[in-house]
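Single-structure report; data block below.
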Amino acid sequence: MPNHTSPHHPLTELEISELRYRRLFETAQDGILLVDFHTGMILDVNKFLLDMLDFSKADFLKRHLWEVGVFKDIAASKKNFRTLQRKRYVRFEDLPLVTKSGKKMDVEFVANAYQVDGETTIQCNIRDITSRVQAQLALQEAEKIAGLGSYNLDITTAKWISSALLDEIFGINEFFKRSIAGWIELIHPDHRQMMSEYFQTHVLGQHHPFDKEYMIIRRSDKSTRWVHGLGRLEFNPQGQPTRMIGTIMDITERKRLEEKILADKFIDEAILESIGDAVFACNSDGHLILFNKMAESVTGITAKEAIGKHYHQVVKFIQESDGTPSDDFIAEAIAKNKITRMTNHTLLVRSDGKKIPVSDSASPIKEPNGKIIGCVCVFHDVTKEYQVDKAKTEFVSLASHQLRTPLSTINWYSEMLLSGDAGQLNPKQEQYAKETHHASKRMCELVNSLLNVSRLELGTFSIDPKQTVVKDLIQTCIKDFRHQIKTKHLSLTQKYSPDVHSMLLDPKLFSIIIQNLLSNAIKYTPSSGKIRLGLTKDTDSILITVSDTGIGIPHEQQDKIFDKLYRADNAKAVDPDGSGLGLYIAYVIASNAGGKIWHKPNTTAGTSFFVRFPITGMKSKTGNKQLT
Amino acid sequence: MKKKLLIVEDEPTLVSALVEKFTSADFDVSVATNGQEGLAAALAQHPDIILLDVIMPVMDGMTMLYRLRLDPWGKDAKVILLTNLTDAGKVAESLVQGVNDYLIKSDWKLKDIVDKVNEMLA
């Protein structure tokens, strides 16, 4: 095997050195160019560079460095060469080159001038950094997407370098002094002390990773921003931290959102806790997810006990009448997607077994897409209202009883006097007895009207529609007025459409309306006048008309005629004793029962009143009192 | 034969008027001034009809009616409530107890009450 170091072919030191250099030159993983210092003529080029740039050796040799076509900017290249001649060293970290096939690449270019045997030669080392540049660009892009700026802190010098995004977050430019003191200055005064201590003690002192959210004052626009800083320490062999590499993320938006959510939550909780009503919420399966303080107080069950359980197990609503469960309104709110109310007279069974009257409503909880995810139930203890209402009912009941008893006495005794039970009266006695009887009857009517108004206004009257033959009911009302009609020689014509038979009406309330209209027609129509009463039907309603040839309603007073206690001037003249309640009562009843009442002056004389009810009948209404 | 009427009413002036009117209408009238007396009188005399007030001392009309209905004779006795109470609850309660009519005193003339009773006994 040949041996180049054999004594038969001794190599000079120079030859050995040359050989070593040649091997290095040929096998190097960098591109190498040897250039004449004075002319810039390329003297040699290694294979690696030729492969890198796709050129042949002939393309390079005997040409000037800037002539081979790899440098994009020939003028700049010439200038750089002159710098190289002057400084004997140049370094470009990121130099763009073009390969023979036109591919662009980034290289690190380092050129050194050195002397061999009195000859000055330039060696250029060219390293392909395209993938590194791409990786850096990708990293920058990733930083941008993640909103993450990065830094690299040299702890020994207390200097740091930062990525473009970090500069953007901090609002700093290239002139900013990137030191620990500089960083501290950027921190919001409220956090400065805390962060300084954290960094010194926790991170540098105890070698914990940096992980902290803090506020900064952005240098460029002086805005307050929240950032999340992370950092990892690197240590020297002695265990001293030498470097910290980390990221900074702008979390201002998140923080603001969090603060808003927190504020909203506080407000919601404060409202829920301080609200005078008991509130609980359940998910769509009926399991409780919220139970406020008042709910605890009313039910005697703590939120801790309640939450997670089905509302059936916790809140027991029952009917006052028979004790059967009465919580269908919650399921109904979820199932039918509407606000529901519990039925009247619902009791809540407390944990101690005590039953208390409650009033309540349930409302579905909806996601923005409309999906129902649960139900909120609001209720309150109505014991007091219940007691007050009961007291009111009893008072009205008692007052009516007490007022009517002496009136009954006057009625009956004046009646007996008038019917001669105590002997024949002389004309004057008869007149006085009649006045007494009349006044007493009026008093009775007034008491009834006032009680009705009180019930109407309390909203406690009930509407209880029953199948009623409309014509029969109207005729019963007329019967009460037969005597007055006859006395005043009025003509009453009645017209009933044959297709109106029976419908759902509360007979008592319907009678009150008809009686009031008829009574007015009779009262305000002069002797020998005409009253027409009609009942007709159209597609979806019935219409009752009471028309008279009476004194009419003054034009300017027509819109007040249904007001409580209002009496038209001409009506006062005819009957000074009217209460001004009849039409008001008729109006309130009609409106509450789903009907409508109005009037229109007749073209010749008098007025027509109209009452319309839907063919489906009066609207039912629960209440604990009837009108009289 | 005269029809027997029991008036259960605590207000003396009203009792007097009723007694006078029904007596002259040829009724055999007896009077009790509270529910307890009224119940005893009803069960002893078996009147053809009872005019019963509601609010009375000792025992009210509704209690008397309830007890009356427990009696084999009383369960079918004719009873008219004659009261000035217009409370719906009382009306409903009386209907449950099987009252034959419910008249508001102040709205009814004596003559009409007599007619009503006669009509009911016809």
Side-chain angles (χ1 to χ4, degrees), chain A residues 321 345 390 392-422 437 440-452 454-455 460-464 479-480 483 506 508-509 515 621-628, chain B residues 7-27 29 31 33 51-57 60-62 80-96 99 101-117 119:
Chain A
S321 52
H345 307 290
K390 212 172 157 197
K392 266 189 216 156
T393 309
E394 279 167 6
F395 173 76
V396 170
S397 186
L398 197 69
S400 72
H401 180 258
Q402 302 295 59
L403 282 169
R404 281 193 184 109
T405 300
L407 287 171
S408 306
T409 309
I410 303 168
N411 275 350
W412 288 358
Y413 279 88
S414 54
E415 182 197 334
M416 286 200 291
L417 276 178
L418 286 167
S419 57
D421 289 0
H437 189 70
S440 174
K441 286 307 281 182
R442 261 189 30 226
M443 189 69 182
C444 282
E445 281 163 17
L446 195 60
V447 167
N448 285 346
S449 293
L450 287 173
L451 289 170
N452 282 348
S454 119
R455 286 166 185 174
T460 49
F461 72 108
S462 58
I463 302 173
D464 188 15
K479 222 160 58 177
D480 296 340
H483 180 67
D506 182 317
K508 188 105 198 170
L509 297 182
Q515 278 165 351
K621 177 175 176 298
T622 45
N624 51 5
K625 293 176 194 80
Q626 281 187 340
L627 300 187
T628 52
Chain B
I7 297 167
V8 189
E9 166 68 63
D10 65 321
E11 181 64 40
T13 52
L14 297 183
V15 171
S16 299
L18 287 166
V19 169
E20 187 168 338
K21 209 71 196 172
F22 276 99
T23 309
S24 61
D26 213 22
F27 276 83
V29 183
V31 175
T33 56
L51 283 181
L52 178 61
D53 189 17
V54 176
I55 298 181
M56 289 182 291
D60 69 18
M62 296 312 295
I80 293 177
L81 280 195
L82 183 62
T83 175
N84 270 325
L85 268 187
T86 55
D87 189 73
K90 290 287 179 199
V91 179
E93 197 183 333
S94 67
L95 292 174
V96 170
V99 80
D101 215 330
Y102 190 110
L103 309 181
I104 306 295
K105 286 175 204 165
S106 60
D107 293 350
W108 283 73
K109 282 184 172 181
L110 282 171
K111 183 182 159 291
D112 294 336
I113 299 171
V114 174
D115 288 349
K116 187 87 193 171
V117 169
E119 183 188 310

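Order of the sequence lines fixes the chain letters, A, B, ..., with proteins taken first and strands second; residue numbering starts at 1 for each chain.
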- So which part of Ser16(B) gets closer than 4.5 Å to some heavy atom of chain A, the side chain, the backbone, both or neither? both
Starting at [atom1] of [X], measure out to [atom2] of [Y] and round the result to the nearest 0.5 Å.
X         : Y         : atom1 : atom2 : result
Asp107(B) : Arg404(A) : CG    : CZ    : 6.0 Å
Met416(A) : Lys21(B)  : CE    : NZ    : 7.0 Å
Lys109(B) : Lys441(A) : NZ    : NZ    : 7.0 Å
Glu20(B)  : Tyr413(A) : CD    : OH    : 7.5 Å

- Message: Main chain of Thr405(A), side chain of Glu11(B): is a donor-acceptor contact present, judged purely on distance under 3.5 Å?
- Response: no
- Any donor-acceptor N or O pair under 3.5 Å, side chains Ser408(A), Asn84(B):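 Per modelled atom types, Ser408(A) and Asn84(B) side chains form a pair under 3.5 Å.
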- Query: What part of Ser419(A) lies closer than 4.5 angstrom to a heavy atom of chain B: side chain, backbone, both or neither?
  - Reply: side chain
- Query: Relative to chain B, which segment of Asp421(A) carries a heavy atom at a distance below 4.5 Å: side chain, backbone, both, or neither?
  - Reply: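 Both parts, backbone and side chain.
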- Task: Check whether any side-chain heavy atom of Trp412(A) sits under 4.5 Å from a side-chain heavy atom of Thr13(B), and report yes or no.
- Result: no
